[in-house]
Amino acid sequence: MIIGALVGATAVGKTRMGVAIARELNAEIISTDSRQIYAETAIGSSQPSKEDRGGIVHHLMGFLSPAQAYSVAAFCRDVHDLVQENPDQAFLLVGGTGLYLQALMLGLSPLPEIEPSLRVRLESIRQRRGLAFLHRWLAHVDPVIGSRLSPGDSQRILRGLEVYLQTGKLWSSFQGMRQGGMGSFPVAWMDRPREELYRRIDLRTHSMVRMGWIEETEHLIKNYAQDVPALQGLGYHHLIQVLEGKVPLDQAIPEIQQETRNYAKRQLTWFRNKSSAQYFLVSEGAEIAEISPFLTFFKSFRKIP
RNA sequence: AGGUCUGUAGCUCAAUUGGUAGAGUAGUGGUCUCCAAAACCAUUGGUUGGGGGUUCGAGUCCCUCCAGGCCUG
């Protein structure tokens with residue numbers, strides 16, 4: 001049974017708070033994070049250490065090979081399995097990937113899996129004829145989607161076309177159909193004053209490097225290709241440049257910090273507008289004391305036996 | 001001290017022969033149904049270092065002060 005979710009921007013302190021809450025509620029944690037799924041990326045994706053997990057079981061964390069692709073659908077399937085196999089266990093979702101949480105609650109359109117070769121083909125067409133061509137093509141077959149997407153939105157233009165080519169049906173015809181949702185559960189959004197959040201991001205970036213992030217990256221590119229999914233996380237491509245001697249570290253670090261701040265802001269937009277979460281503002285110095293409002297919130301939804 | 005160059009949005013820089021200030025980026029807001037730490041969209045900022053002068057009109061010309069760089073001593 002899922003008792004709720006803890007969301008928040010990167011570096012806000014979800015991990016620590018999540019463990020504290022899970023302990024109080026006797027729950028196990030399911031990571032709701034599209035990066036922390038990967039093994040061998042413990043530092044780069046900020047996976048908590050054994051000590052930081054404080055004896056709480058963490059699921060869907062560090063379990064997938066860095067070369068393996070993952071998806072929202074895979075996440076939903078994995079969570080369903082986990083919950084079904086452990087009907088008496090309480091689970092707390094902790095993470096910052098808004099799409100994953102939304103799909104879990106509302107479900108997804110019943111689309112078949114797309115042949116990977118199809119995307120490769122579309123990519124090569126894009127190389128040859130440009131994104132504008134693909135956009136016109138999509139708008140021609142699926143005017144609803146075509147008019148809705150911006151001409152620069154490469155990812156969704158390709159998505160629309162691959163759905164059409166694979167199924168013969170329009171992507172827009174699938175939109176609005178959602179299946180397999182688990183229904184809603186209580187969501188707590190942990191936030192901090194913006195300046196404090198940004199400061200934490202900057203500090204964490206430094207500490208990740210100190211913990212051996214560069215060595216981790218070196219190990220990954222030695223054993224896998226540079227374009228494997230796990231290396232798409234923030235920072236890795238900057239560190240690859242550092243390892244190749246193309247960019248000095250003291251230039252890469254501010255760039256990584258900047259990228260991470262931008263990402264955090266996007267997350268905030270999502271939580272604000274999409275998640276219908278209960279808002280909790282915490283601030284430095286009061287971290288542990290601040291747990292009680294969260295507990296009260298989650299407990300209020302639990303059925304009294 | 002003398003000479004010389006520079007000073008435009010938080011940052012990096014634009015602005016034709018003087019015509020009344022624009023980009024990128026950051027910041028802020030937004031979009032989001034199988035790559036989501038992704039992929040996009042929108043938008044706020046400037047008494048052009050201060051003061052004075054010439055001119056119908058000055059970021060652009062002149063004077064002066066301030067700040068900084070470089071060269072000489």
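The separation between Asp33(A) atom CG and A38(B) atom C1' is 13 Å, rounded to whole Å. Taking atom CZ on Arg261(A) and atom P on G10(B), their separation rounds to 17 Å, with Å as the unit. Atom CD1 of Ile157(A) is separated from atom P of A38(B) by 18 Å (rounded to the nearest Å). Rounding to whole angstrom units, CD of residue Gln257(A) and P of A26(B) are separated by 14 Å. Leu134(A) has its CG atom 15 Å from the C1' atom of A39(B), to the nearest Å.
Spacing between U55(B) and C13(B) at atom P, rounded to whole Å, works out to 36 Å. As rounded to the nearest Å, G24(B) and C61(B) have P atoms that lie 27 Å from one another. The gap from the C1' atom of U60(B) to that of G22(B) amounts to 15 Å, rounded to the nearest Å. One C1' atom belongs to C70(B), the other to G53(B), and the distance between them is 30 Å to the nearest Å. Distance check on atom P: C35(B) versus U16(B) gives 48 Å, rounded to whole Å. Rounded to a whole angstrom, the distance from the P atom of A42(B) to that of U4(B) is 49 Å. Using C1' as the reference atom, G59(B) and G18(B) are 10 Å apart when rounded to the nearest Å. Here the separation of G52(B) from A58(B), taken at their C1' atoms, is 13 Å to the nearest Å.
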Point to revise | Watson-Crick or G-U pairs under 3.5 Å in RNA chain B, rendered as dot-bracket with [ ] for crossing pairs and | for another strand | key: (((((((..((((.....[..)))).(((((.......))))).....(((((..]....)))))))))))).

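Contact detail for Ile3(A) and Pro186(A): the closest heavy-atom pair is O-CG, 3.2 Å. Thr167(A) and Pro112(A) make their closest contact through CG2-CG, 3.5 Å (heavy atoms, listed as atom of the first residue, atom of the second, distance).
If you find the closest nucleotide of RNA chain B to Thr10(A) and to Arg126(A), the one lying nearer the 5' end belongs to Thr10(A).
At a threshold of 4.5 Å between non-hydrogen side-chain atoms, the residues Trp171(A) and Arg156(A) count as touching. Side-chain contact between Met105(A) and Met182(A): absent, with no pair of heavy atoms (C-beta onward) separated by less than 4.5 Å.
Counting only N and O atoms by type, the side chains of Asp142(A) and Tyr164(A) include no donor and acceptor under 3.5 Å apart.
If you take OG1 on Thr205(A) and CG on Leu234(A), they are separated by 9.0 Å, rounding to the nearest 0.5 Å.
If you check every strand for non-hydrogen atoms under 4.0 Å, Gly235(A) touches nothing. Residue Thr260(A) is classed as having no contact, given no heavy-atom separation below 4.0 Å to the nucleic acid. Within the nucleic acid shown, Gln258(A) comes within 4.0 Å of sugar-phosphate atoms alone, with no base atom in reach, counting heavy atoms only.
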Point to revise | Sugar-phosphate or base contact per nucleotide [nucleotides 28-35 of chain B; S, B, -; heavy atom under 4.0 Å] | key: BBBSBBBB

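Dashed line: the shortest gap from a side-chain N or O of Asn262(A) to OP1 or OP2 of U25(B) is not under 4.0 Å.
When ring centroids are compared, Phe297(A) and Phe280(A) come within the 6.0 Å threshold.
Shown are Gln267(A), Arg266(A), Glu259(A); of these, the side chain to side chain donor-acceptor pair (under 3.5 Å) with Tyr263(A) is made only by Gln267(A).
The salt bridge (Lys or Arg N to Asp or Glu O under 4.0 Å) test applied to Glu244(A) returns Lys246(A), not counting sequence neighbours.
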Practice item. Quick one: do Tyr236(A) and Glu216(A) satisfy side-chain hydrogen bond (donor to acceptor under 3.5 Å, both in side chains)? Show the steps, please. Key: CA-CA 9 Å; Tyr236(A) 281 114; Glu216(A) 180 178 279; 2.6 Å; yes

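Regarding the sugar-base torsion, G45(B) falls in the syn class, its angle being within 90° of 0.
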